[in-house]
Amino acid sequence: MSENKPAPAKKPAMSIEKAQKARRKFLHSAGLTGAVIGLSLLGYIPVTSAKTPRLRPPGALNESDFLSSCIKCGQCVQVCPVQAIKLGDLKDGFGVGVPHIDAREQACDFSCDAVQCILACPTGSLTYKKPGFLNIREGALLAAAPILKAKEKDAEPTLNLKERIGVARLARPESCLAVQGKGFKGEARSGSFKGKMRYMDVDRWKPIPVREHPYDVPLCDLCVRECPVKDAIALKPVKGADGVERMTPVVLEPCVGCGVCEMICPAEPAAIVIDAQATWKEA
Amino acid sequence: MSRFTDLFMGMLGAAPKKPKKISERVQKIMFLKYEDKDRYIKEKLHARAHHDVSHKWRNRRWAVLIATNLLFVLSFWLDIQLLEGSLTASRFAGFHLIDLNSALQIMLAHKHIIVNLFIGTFTVFLLWVLLGGRTFCSWVCPYHLVSELTEKLHLMLVDRKIVTDHEFHRGTRTVFWALFALLAIVTGYTVFETLSPTGILSRALIYGPGLALGWVGLLLLFEVFYSRRAWCRYICPIGLTYGAVGSISPLQITYHVEHCFHEGDCRKVCLVPHVLEVTVKGRASDETMGLGPDCTRCGLCVDVCPTGALRFEVKGLSKLL
């Protein structure tokens, strides 16, 4: 490129020992840097290889935006009356400390009557209204603000929620009691189950353990009965593969993906599940 | 100004410099100190003999550190809602408090700032400007306390020649700061938070332990058997972020050359001994000198100094009083 310039005046020579020591220190430091950065990048593995997406709390941004904006403080965990929100661990990679919901263990039953996790979030990872530049995925947007059954008679019956976090799906129709034409008597979940829910006929504000609220219904409709959102699910006669018409839970557009149906389903494993981060598709 | 720059560069990793000019007052002090060698030695031994080894600042600091973290834990466990959240972001009696480094990582990764984030960051910024940036490290960070204890173990093993301390270049931390910032921008993830023992420990205390504690354990083992206090000294970008903020803080530990016998006890206990370079004979250019932004204000040097040459002071205030 350019002609060789004469070498600049040499610095006072360093003793060989000192120079070696400095060199070793530099190499060690470079090694440390490489090792720590390498380890931190292992966080990619769970994020990119995740087979099933996590169910995020209400108002969550799209997954990659959610992971980048969450400050991992757990304030959403602290305000939830039923402790539905859990934080990710090291096996979640970059998702360490990021909130998620395991609907089968404890669904979001909206017993806070609003979505207080959104209010608690300091960074806008959970938000009432997404800023314009963060795109809304097709089918994530709810057609109308969901009406909370518990607030139906209030002046303001809706939840301030614009997007769904998932959609319920009858994953195992063969194990659904309604499809089998069976009723249900007893505790929805086994006696050791810790999940809680708010029952309007018990106490509007105080969630109680699901196991303390037994049922006795001629045809099992627990998912429909306990769904907190109005018109999100209904029992309808549907023709099965054998051509026989049976009562079947049918998920409707207002479904926000809260997971109560999955938690309450007495079948083991649950006949109805939430597809986390799924969007609404007209059948 | 140049002293400020030197200290700041020292925090980033530059080797401490010898002063170009030593004030006449200091020259006189040094002359008087060494005028009579016998008297000097006598005074030194006298000071040493009459030094009550106190743990005043250490005890205060541990009390504050434990109380702060306990307040987080109890706020959730007992649902008293006074200090909600964890060290990365919280709400104290309703006021947003957001860790500066976590906020920075998020802004770089997410490339968007919302009002609450800004307010919380500003509150914490003000707090640490007043208290001195790296005060966070030694007075709040739970990892600091844990590694302070394992550091003792490390020093004991070094003492018995079972392990040797491997030093890295102090500039490594600056490289890490830049790399983690770059990774946040490029990947769009807050990569640093995956490894941050501050966040992991804080969350483990409040929300219960998890696998991530294994990583913290490995770090501690590395520090016990390989390199003294390696995470805080050479890696953690939180310390550097707060150090930069604290560089303009009025609260600091000051060094008074007149009282110093240059024995170096302070440098042995210090987490960042380069800030105490000024206590080496001939390195102080002024009568009193602040220790600079990398100092965590832990007070170990204040406790260990037999002559009171190191003190907690508010800049300018001691002259007024």
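Between the side chain of D89(A) and the backbone N or O of L211(B), at least one donor-acceptor pair lies under 3.5 Å.
When each of V79(A), T123(A), L134(A) is checked for heavy-atom pairs under 4.5 Å with chain B, T123(A) comes out on top. The candidate with the highest count of non-hydrogen atom pairs below 4.5 Å against chain B, out of D92(A), V96(A), L42(A), is V96(A). Between chain B and the options K91(A), H28(A), Q75(A), the largest number of non-hydrogen pairs under 4.5 Å is found for Q75(A). Each of I206(B), N116(B), T194(B) has some count of heavy-atom pairs under 4.5 Å with chain A, and the biggest count is that of T194(B). The candidate with the highest count of non-hydrogen atom pairs below 4.5 Å against chain B, out of S64(A), G97(A), G43(A), is G97(A). Between chain A and the options H96(B), E193(B), E167(B), H112(B), heavy-atom pairs under 4.5 Å are most frequent for H112(B). Heavy-atom pairs under 4.5 Å with chain B were tallied for G124(A), A120(A), A22(A); the largest tally goes to A120(A).
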>> Assess the residue pair Q105(B) and I71(A) against the criterion (side-chain contact (heavy atoms from CB on, under 4.5 Å)); give the C-alpha distance rounded to whole Å, side-chain angles, the decisive distance to 0.1 Å, and a yes or no.
In response: CA-CA 9 Å; Q105(B) 289 281 318; I71(A) 202 162; over 6 Å; no
> Does the side-chain contact (heavy atoms from CB on, under 4.5 Å) test come out yes or no for V77(A) and F76(B), once each step is laid out?
Replying inline: CA-CA 9 Å; V77(A) 175; F76(B) 183 42; 4.0 Å; yes
> Could you go step by step and tell me if V36(A) and F180(B) meet the side-chain contact (heavy atoms from CB on, under 4.5 Å) rule?
Replying inline: CA-CA 10 Å; V36(A) 173; F180(B) 280 123; 4.2 Å; yes
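Interface residue L61(A): only side-chain heavy atoms are found under 4.5 Å from chain B. For T187(B), the parts lying under 4.5 angstrom from a heavy atom of chain A are both the backbone and the side chain. Contact annotation for V175(B): only side-chain heavy atoms (C-beta onward) come within less than 4.5 Å of a heavy atom of chain A. Within the 4.5 angstrom heavy-atom criterion, only side-chain atoms of L183(B), from C-beta onward, approach chain A. Looking at C76(A), neither its backbone nor its side chain comes within 4.5 Å of chain B, counting heavy atoms on both sides. If you measure heavy-atom distances from T172(B) to chain A, the contacts under 4.5 Å come from the side chain alone.
Side chains of L117(B) and P122(A) form no contact here, defined as non-hydrogen atoms less than 4.5 Å apart. Two residues are said to be in side-chain contact when any heavy atoms from C-beta on lie closer than 4.5 Å; Y207(B) and K86(A) fail this criterion.
The contact list for residues 232-244 of chain B toward chain A, using heavy atoms and a distance under 4.5 Å, reads Y234(B), I235(B) by residue number. Scanning residues 189-210 of chain A against chain B with a 4.5 Å non-hydrogen threshold yields no residues.
Scanning all heavy atoms of the two residues, the minimum distance from F176(B) to L32(A) falls at CZ-O, 3.8 Å. For the residue pair T88(B) and C73(A), the shortest heavy atom distance occurs at OG1-CA, 3.5 Å. Listed here is the closest heavy atom pair of L195(B) and S40(A): CD1-CB, 3.4 Å.
Within a 6.0 Å sphere centred on CZ of F133(A), heavy atoms belonging to other residues, nucleotides or ligands number more than 12. In this structure, I16(A) places its CD1 atom where only 12 or fewer heavy-atom neighbours from other residues, nucleotides or ligands lie under 6.0 Å away. The number of heavy atoms from other shown groups lying within 6.0 Å of NZ (K21(A)) does not exceed 12. Counting heavy-atom neighbours within 6.0 Å of W177(B) CH2, excluding the residue itself, gives a total of 12 or less.
Between the side chains of T190(B) and K72(A), at least one donor-acceptor pair of N or O atoms lies under 3.5 Å. Counting only N and O atoms by type, the side chains of H110(B) and S68(A) include a donor and acceptor under 3.5 Å apart.
Note that OG of S69(A) and CD1 of I113(B) are 13.0 Å apart. Values are rounded to the nearest 0.5 Å.
Classified by interplanar angle (parallel below 30°, tilted 30° to 60°, perpendicular above 60°), the ring pair Y44(A)/Y189(B) is perpendicular.
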